[in-house]
There are 2 protein chains.
Amino acid sequence: MIEFRDKKYRCASEVAMELVSGKWKVLILSHLSEHTFRFGELLKLMPGATHKMLAEQLRDLECDGLIIRSVYPVIPPKVEYELTDRGMRLVPILKALCDFGADYIDSFPAQSPVMEEEQA
Amino acid sequence: MIEFRDKKYRCASEVAMELVSGKWKVLILSHLSEHTFRFGELLKLMPGATHKMLAEQLRDLECDGLIIRSVYPVIPPKVEYELTDRGMRLVPILKALCDFGADYIDSFPAQSPVMEEEQA
DNA sequence: CAGTATCCAGGCCGATACTG
DNA sequence: CAGTATCGGCCTGGATACTG
């Protein structure tokens, strides 16, 4: 049992899972792994994401120390987001998950025609 | 955009994320990576998990092809769970997540006092 | 011992509207 | 352009009870 930030976790991987638990966080981190983005740019990159959700999850990621929010005091406001070093270390793991997911998807159509064994 | 099993995903990693999205799945896979377990054994290994939740998530994992459920037609019923090859391939990734999580917790010494807490 | 169905609470997510 | 607040729906997860 791990206690962290007043919450209890069953293993350290659940801490990491919670960091990216939001619906859009993986995608946000993925985009930011390429380069810095402004708020509006990220919003355009994620069709389906609402303004509120993006702001919410960006704040989470900032609080978790995975991204940095840079505010430029200009009119109109300009805010840029970039990965922290910690965030960058998470990206390869998400990439591994991505590879697994892709492989997983790939492996399914092959199961229909190839019937080695009857499955109930 | 990826379509898979009548759902839409923003990237392949979200497919993988969904495979372990349940609250106990990571822990289940973690235990099964050691060796085969019976239902009741798993339940004991996961304090806090309810009978129903364990059954539910085990079924999910079975449907997703990550674990195998072996039913022994004896009285009383005996059911054993073990990882599939696909499940085994997921474990190292979860391990990486675990390492990241542990490292993450470590990097917040001020916030992870791990002080004594009331435990019933 | 193992599994399922039902009911219910809480959290996540989305739409909208408002501020600076 | 960027962010916040509120309201409401949906889905996840938990308690209980019942079956085999």
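Labels below follow one simple rule: chain letters A, B, ... track the order of the sequence lines, proteins then strands, and each chain is numbered from 1. Keep in mind it's a predicted model, so treat the numbers as computed, not measured.
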Using whole Å, what does the distance between atom P of nucleotide D:dA15 and atom NE2 of B:H51 come to?
13 Å

Any donor and acceptor pair, going by atom type alone, linking the side chain of B:S13 with main-chain N or O of A:L94 inside 3.5 Å?
no

If you assign B:V71 and A:T50 each to the DNA chain C nucleotide with the nearest heavy atom, which residue ends up on the more 5' nucleotide?
B:V71

A:Q57 side-chain N/O to A:K25 backbone N/O, donor-acceptor pair under 3.5 Å:
yes

Result for 5'-nearest mapping on DNA chain D, choosing between A:K52 and A:K78, is A:K78

A:Y104 (side chain) donor-acceptor with B:D64 (main chain) under 3.5 angstrom:
yes

Can you tell me the distance, in whole Å, between the NZ atom of B:K23 and the C1' atom of D:dC11?
15 Å

Can you spot which of B:K78, B:R38, B:E80 makes a side-chain hydrogen bond (donor to acceptor under 3.5 Å, both in side chains) with B:Y72?
B:E80

Roughly, in whole Å, what's the span from CD1 in B:I28 to P in D:dG13?
11 Å

Atom CZ of B:R5: over 12 foreign heavy atoms under 6.0 Å:
yes

When both distances are under 3.5 Å in a Watson-Crick or G-U wobble arrangement, the nucleotide paired with C:dC18 is D:dG3

When you list every nucleotide of DNA chain C with an atom under 4.0 Å from a heavy atom of chain A, which one comes first 5' to 3', and which comes last?
C:dC13 to C:dG20

Which is true for A:Y72 with a 4.0 Å heavy-atom rule: it touches a base, it touches only sugar-phosphate, or it touches nothing?
nothing

